[in-house]
Protein chains: 2
Amino acid sequence: MQETLLEPVAKPLRLSGARRTAILKALADPRRFELLQRIARAGCPLGCAEARAALPISAATLSHHVKELETAGLIQVRREGKFHFLTLRSGVMQGLIAILSALDTDHCPQR
Amino acid sequence: MQETLLEPVAKPLRLSGARRTAILKALADPRRFELLQRIARAGCPLGCAEARAALPISAATLSHHVKELETAGLIQVRREGKFHFLTLRSGVMQGLIAILSALDTDHCPQR
DNA sequence: TAATCAATTCGATAGTTGTCGAAATGTCGA
DNA sequence: TCGACATTTCGACAACTATCGAATTGATTA
């Protein structure tokens, strides 16, 4: 791995089938999606307190969703003492988009 | 990526939040995803018999998945007498990709 | 009309998941 | 060390979903 760290936009990652499914499942929950949108719009590292204020869910549930997003590799969690900060991992999203595009571009000449 | 002239790719649809969730849920099942890939690669209208041969599931389960994909608007089912033929609705996928791209392009300057 | 085949619906079941409150863990400041 | 605060884990529960076999609907053909 070389110079990827400060890149705002990473290259599309190659995703396995299992990973693809995990990501799609993570995205398929409206609260998690909302959370991702907040993170994307936040100027970036989003504190959990802000996240919680944005979503009408308990701390336990938020923790659950954050873990799902982290496990799927969609976000990165920077843990600084008491607080956690959430950022997107953009290469993953690009990888997913690449897969979805392939579904579309193989389009048929309609019989 | 070169801009395409030959493909019957539709314009991206604008998707509501509920629709987006329905689509992501539909995509998040591995069998449904596999089915979509088959349809995409098939040269197009895919018969249910072929679909069934490709997936290790019962007719009842296939019927269930086809309905899910149809309800989400990802595929169109042309019913001709005894047989049904499946085709992609490509505008929907483009719409989803547009939404997912938005998640990514708002990327932060990694403070 | 009867038999046959494709697909759907029904009913049941097992597994998954979103949610919470309560308890536990971990961090920081006084 | 103590207490306040942030987050996680635990245990439980309700809702949802993928799956199947059996029964059903609907179309084609003998």
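Lettering of chains follows the sequences in order, A, B, ..., and the numbering in each one begins at 1. Keep in mind that the numbers below use all heavy atoms, side chains included, and drop hydrogens, waters and symmetry copies.
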Outer limits of DNA chain D sitting under 4.0 Å from a non-hydrogen atom of chain A, read 5' to 3', are dC5(D) to dT9(D)
So which heavy atom on Leu27(B) is nearest to which on Phe33(B), and how close?
O-CD1, 3.6 Å
Check: Gln37(B) and Leu103(A) side chains under 4.5 Å, non-hydrogen atoms:
yes
For Val66(B) and Ile75(B), which heavy atoms make the closest approach, and how far apart are they?
O-CD1, 3.9 Å
Please report the distance, rounded to the nearest Å, between NZ in Lys25(B) and C1' in dG18(C).
10 Å
So Arg52(A), base contact, sugar-phosphate only, or nothing? Heavy-atom distance under 4.0 Å.
nothing
Determine, for Glu50(B) against Arg52(B), whether the closest basic-nitrogen to carboxylate-oxygen distance falls under 4.0 angstrom.
no
By nearest heavy atom, map Ile57(A) and Gly81(A) onto DNA chain C; which one lands nearer the 5' end?
Ile57(A)
Go along nucleotides 1-13 of chain C 5' to 3' and tag each nucleotide: B for a protein heavy atom under 4.0 Å from its base, S when only backbone or sugar atoms are that close, - otherwise.
----BSSBB----
Would you say that Glu68(B) contacts Arg32(B) through its side chain, given a criterion of any heavy-atom pair below 4.5 Å between the two side chains?
yes
Here the pair of heavy atoms bringing Ala40(B) nearest to Leu88(B) is CB-CD1, 3.7 Å
Do Arg79(A) and Glu70(A) sit within salt-bridge range, that is, some charged N less than 4.0 Å from a carboxylate O?
yes
Sub-4.5 Å side-chain heavy-atom contact between Val92(A) and Arg19(A):
yes
